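These numbers come from the heavy atoms of this one structure, side chains and all, not from hydrogens, waters or symmetry mates. Chain naming here is simple, since letters A, B, ... match the order of the sequence lines and numbering starts at 1 in each. This structure is a prediction, so every number in the text was calculated from the model and none was measured.
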Amino acid sequence: MSNVVLVLIEPDEGRVHLVSREALTFARPLAGQVQALMLGRVDEAVLADCREQGVAVVHEATDAELESYAAAAWATALERSLEASGAGIVLAGGTERGTEVLAHLAARRDLPMAANVLSVTSTDPLEVERQVAGGAVREQMRLDASPAVLTMAGHAVEASAAAAPGAAEHRPFTAGVSAADLRAQVKQVQARGGGDSSADLSAARVVVGAGRGAGSADGFSDVDALAQRLGGAVGVSRAVTSLGWRPHHEQVGQTGSRIAPDVYIACGISGAIQHWAGCSSSKTIIAINTDAEAPMMTKADYAVVGDMHEVLPALLEALG
Amino acid sequence: MASINVLVCVKRAADVTGEVVLNADGTGLDGRYSGYAMSPHETAAVEIAVSLVEESGGSVTVLTLGDDDAVEQLRDALAVGADDAVHVEADSSAFGPTDVAAAIAEVVRARAASGTAYDLVLVGNDAADTGSFQVGIRLAYLLDRPVVAGVQQIAVSDGVATLHVGSAAGTETYEVGLPAVATVLEGGVDPRYPSIRGRMRAKKAPVEAVTPEVTPRGSGTLGLSLPPPTPNKVTVLGEGPGAAPAVVEVLRKIGVLS
């Protein structure tokens, strides 16, 4: 198997997205050489992030048709950079885009794919451990194919700089997108309203979460205020979205976002397994709940026993 | 408005919302105590399909691959409005995502040959148990159809599906010519509950049993294990509003507050 690992990286406000930097960190021990592909403009800040991650080559697809997202077109670009790199493993962070594009690659090349990989336990044969059942179970899986197609579970590793910087040689190329690749392409993006801090929960450094304990759709004012005061995002449990109190894009857990903030303040959330799957990578968890025996309270680093509607106003006041 | 035929693919999976138990040899989930259900994404897919057909006319077929018990999930979908069902009789544990996609493609082709062409095939974004994220996309390639993943709402008009996908940026809209495939994510629709009449109808609704011709390659699974328990290290900061200063102190200690 080639010892090149090709990583599909995604942008985030001009830099390499945190989840993609984690994927690059994940790739380094597997590779003699890490190469990256970005769809969209590769500027100096992206190259700097790639150098820090030890990336040797940064491929940039320049087709105008790639400006508006089409998964099949991205997969075509990924195929071209795969051919150029000769990679033995193709990797992406387990984001919506990463998972979708790699599934296209696996389908068109008839390759097995492992999603939500936590670790590579053997490289010859290639065996991985991955999350299944929303993170409640781990699967040991073998992939007898080259290239192998893997997505990394959210925050399976912490992004860290390589021991020596990479050359990050910039290689623009034309993917040659076909009309068939554009049959399903984004026609329009309706941006979220201003002040919505939940746009990218997976990269937030602070998340204030709320569950059924919020009591109603009107019970989130202090949650919003605390998230804003701490410069963070709001994340909610599945119960909250099922009740229609908050939108699905704020959901943390098995069928929502995986988060890894510096601190997760979980208010009125009981901590079902599927919610824990989405928040367990948080560096510090502070739980606030009336039930001292709720799973969230017993698994957290810090707990406050009490009603979130009484604790949060006091906390906002203490923060000034 | 032209009527449409929709195929929805669902999977019987052990309920993982409570305590998860593995079977004796560690190769699968044991749902004898937790129960079985279709995944939340598939429940949303059934709702989308039934709503579309209520508006435009046509039919909703629901399909599952599995053993005889999997018919329970077909009946669940029939109870909320699906018209008929296909049971692909197979040992689902031997079928990987490639195999499942191939078996569904067989059914789509066979039904088309017998007069029912599916304008839309809906699949859950990922199964609640295996979480492979691939079946719908592999199916689209097998059928040479466009595919959109992570769809939360669909409207159909004049042979074109308008699909809405939630993303970090906002809501993305796709317009895709039919026939097409979509993988559905929960959160865009509110699935209905079955009525008593619906349950009664579901008991009598037709379920076609088919045997797949595909020889399964499998999933590559070597075994399953449960993650190690989280160390119990909780520090109780206090009770009620009086604990607020201690929370602020923790936030300072971990560097969130300067």
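Only the side chain of Thr98(B) comes within contact range of chain A, with at least one heavy atom under 4.5 Å from a heavy atom of that chain. For Val206(A), the part lying near chain B is the side chain, with the backbone staying farther off; criterion is any non-hydrogen pair under 4.5 Å. If you measure heavy-atom distances from Leu139(B) to chain A, you find no contacts under 4.5 Å at all. Heavy atoms of Arg246(A) lying under 4.5 Å from chain B are absent altogether. For Val165(B), no part lies near chain A; criterion is any non-hydrogen pair under 4.5 Å. If you measure heavy-atom distances from His41(B) to chain A, the contacts under 4.5 Å come from the side chain alone. Of the atoms belonging to Ile137(B), heavy atoms from both backbone and side chain fall under 4.5 Å from chain A. Proximity to chain B is limited to the side chain of Arg238(A), based on heavy atoms less than 4.5 angstrom apart. Heavy atoms closer than 4.5 Å to chain A are found in the side chain of Val250(B), but not in its backbone. Neither the backbone nor the side chain of Leu163(B) comes within less than 4.5 Å of any heavy atom in chain A. Contacts between Asn125(B) and chain A at a heavy-atom distance below 4.5 Å are absent for every atom of the residue. Contact annotation for Met308(A): neither backbone nor side-chain heavy atoms come within less than 4.5 Å of a heavy atom of chain B. Using a 4.5 Å cut-off between heavy atoms, Arg217(B) contacts chain A through its side chain alone, with no backbone atom that close. For Ile265(A), the part lying near chain B is the side chain, with the backbone staying farther off; criterion is any non-hydrogen pair under 4.5 Å.
A cation-pi geometry, defined here as NZ or CZ lying under 6.0 Å from the six-membered ring centre and within 45° of its normal, does not hold between Arg108(A) and Tyr141(B).
Remark: the backbone N or O of Ser68(A) is paired with a side-chain donor or acceptor of Gln185(A) at under 3.5 angstrom. Although no hydrogens or angles enter the test, the distance criterion places no donor-acceptor pair under 3.5 Å between the side chain of Ser202(A) and the main chain of Ile259(A).
Salt bridge status for Lys187(A) with Glu175(B): absent, with no side-chain N to carboxylate O gap under 4.0 Å.
Under the 3.5 Å distance criterion, with hydrogens and angles disregarded, a donor-acceptor pair is assigned to the side chains of Arg192(B) and Ser51(B). Under 3.5 Å, the side chains of Thr241(A) and Glu250(A) contain no donor-acceptor pair of N or O atoms.
Per-residue counts of heavy-atom pairs under 4.5 Å with chain A were compared for Gly188(B), Ala128(B), Ala244(B), Gly220(B); the largest is that of Gly220(B).
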